[in-house]
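By convention in this document, chain letters (A, B, ...) are assigned in the order of the sequence lines, proteins followed by strands, and residues within each chain are numbered from 1. Only a predicted model underlies this, so the values are computations on that prediction, with no experimental measurement involved. Computed over heavy atoms, backbone and side chain alike; hydrogens, waters and symmetry mates excluded.
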Protein chains: 2
Amino acid sequence: MVPNNKQILLGANCPMRQMLDLVGDKWTPPVLYLLSSGTKRYTDFQRRIPGISKKMLTQTLRRLESAGVVNRTVYPIVPPKVEYNLTPFGEKLIEPIAGLAEWAWQNQEELKLIYERQKLKV
Amino acid sequence: MVPNNKQILLGANCPMRQMLDLVGDKWTPPVLYLLSSGTKRYTDFQRRIPGISKKMLTQTLRRLESAGVVNRTVYPIVPPKVEYNLTPFGEKLIEPIAGLAEWAWQNQEELKLIYERQKLKV
DNA sequence: CTGAATCCTTTACGATACTG
DNA sequence: CAGTATCGTAAAGGATTCAG
């Protein structure tokens with residue numbers, strides 16, 4: 001499916017680069033992966049993704065919204081209630097992300113070893 | 001395979017986070033993906049990945065080497081010749097990366113639209 | 001050809017305080 | 001509850017020069 005693996009250029013206008021611009025930062029994959037199990041609220045993300053700050057969470061969600069990956073639904077009540085879920089495009093997009101997560105869980109032993117070793121290097 | 005998708009935490013010691021620490025930067029995916037089609041030399045990367053600087057290329061390759069993902073072979077000749085290829089672990093690791101690339105090529109139209117739209121936003 | 005070394009800019013990210 | 005605004009630091013990345 002990838003045209004001529006032997007000769008393609010992986011530059012700025014290549015699909016892979018654009019894909020990485022969309023999902024290749026620190027928090028987007030966890031956020032999307034969490035959404036793959038259904039609609040989530042703001043606090044759900046904060047609880048399930050330890051370490052993410054409000055700033056980064058909001059920034060990530062808004063960017064994904066403007067990219068057409070997630071829907072944001074505001075309920076005009078107090079206290080506020082806001083729900084996030086995947087758009088149809090988002091549902092497709094999380095497939096390769098889920099693939100990454102799957103692989104990570106299956107190979108967590110080796111990943112852990114590498115992780116620990118790299119940490120010491122600093 | 002992923003344990004209880006409904007309740008896992010995606011924090012610092014979760015496999016997905018460690019996976020992203022390993023492959024989740026700007027140049028690692030293209031570099032690995034290129035290596036999936038066989039042994040490459042330093043200049044091969046420079047030609048096939050437009051935009052990458054020598055600094056980042058070297059840094060990425062050395063990190064992957066120390067992580068046990070790629071082998072680096074130096075031929076003691078002049079001019080120098082250095083070859084890079086995937087270790088057995090690297091061969092496994094590129095599977096989900098290839099999945100990402102596959103998806104990107106299959107959905108390149110939508111990705112392109114998003115990419116162009118986001119660019120204008122700035 | 002394959003880097004190393006340096007300097008510099010930009011971006012990402014985190015911490016904190018405040019708000020309807 | 002779900003943010004916004006601001007500030008500051010740290011990390012990432014790029015450009016350039018030099019070298020075996």
Handout entry: Test item: K40(A) side-chain N/O and G38(A) main-chain N/O as donor-acceptor pair under 3.5 Å
Key = yes
Completion exercise
Those residues at least two apart in sequence (or on a different chain) that pass side-chain hydrogen bond (donor to acceptor under 3.5 Å, both in side chains) with S53(A) are none
Fill in the blank from the handout: The answer to which of Q59(A) and P79(B) contacts DNA chain C further toward the 5' end, by nearest nucleotide, is P79(B)
Problem - Under 3.5 Å: donor-acceptor pair, side chain of T58(A), backbone of K54(A) - result: yes
Practice task
Could you tell me which residues satisfy side chain to side chain contact (heavy atoms under 4.5 Å, CB included) with P15(A), sequence neighbours excluded, listed by chain and number?
Solution key: A104(B), W105(B), Q108(B)
Handout entry: Side-chain ion pair, R47(A) and D44(A), N-O less than 4.0 Å
Key = yes
Fill in the blank from the handout: Here the residues of residues 11-26 of chain A within 4.0 Å heavy-atom distance, strictly under, of DNA chain C are K26(A)
Exercise for the section: Look at the side chain of R17(B) and the backbone N and O of K26(A), then say whether any donor-acceptor pair between them is shorter than 3.5 Å. Expected result: yes
Problem - Atom pair distance, as rounded to whole Å: CE in M56(B) and C1' in dT16(D) - result: 16 Å
Problem - Rounded distance (Å) that lies between atom C1' of dG14(D) and atom CD1 of I49(B) - result: 16 Å
Atom pairs and distances, side-chain donor-acceptor, residues 82-89 of chain B, under 3.5 Å, sequence neighbours left out:
from, atom 1, to, atom 2, distance (Å)
E83(B), OE1, Y75(B), OH, 3.1
Y84(B), OH, R72(B), NE, 3.2
T87(B), OG1, G68(B), O, 2.7
T87(B), OG1, V69(B), O, 3.1
T87(B), OG1, F89(B), N, 3.4
T87(B), OG1, G90(B), N, 3.0

Practice task
Flag the pair R63(A) and D25(A) as a salt bridge only when some basic side-chain nitrogen lies within less than 4.0 angstrom of an acidic carboxylate oxygen.
Solution key: yes
Tabulate atom names and distances for all N/O pairs under 3.5 angstrom spanning the protein and nucleotides 2-4 of chain D.
from, atom 1, to, atom 2, distance (Å)
dA2(D), OP1, R41(A), NE, 2.9
dA2(D), OP1, R41(A), NH2, 2.9
dA2(D), OP1, V82(A), N, 3.3
dA2(D), OP2, T43(A), N, 3.2
dA2(D), OP2, T43(A), OG1, 3.0
dG3(D), OP1, R62(A), NH2, 2.6
dG3(D), OP1, R72(A), NE, 3.4
dG3(D), OP1, R72(A), NH2, 2.5
dG3(D), OP2, Y84(A), OH, 2.6
dG3(D), N7, K54(A), NZ, 3.3
dG3(D), O6, K54(A), NZ, 3.1
dT4(D), OP1, R62(A), NH1, 2.9

Problem - For A101(B) against Y33(B), the heavy-atom pair lying closest together - result: CB-CE1, 3.7 Å
Completion exercise
Students should find that the nucleotides of DNA chain C closing off the region near chain B, any atom under 4.0 angstrom from a heavy atom, are dC1(C) to dC7(C)
Problem - Heavy-atom pair of closest approach, residues S36(B) and I94(B) - result: CB-CD1, 3.8 Å
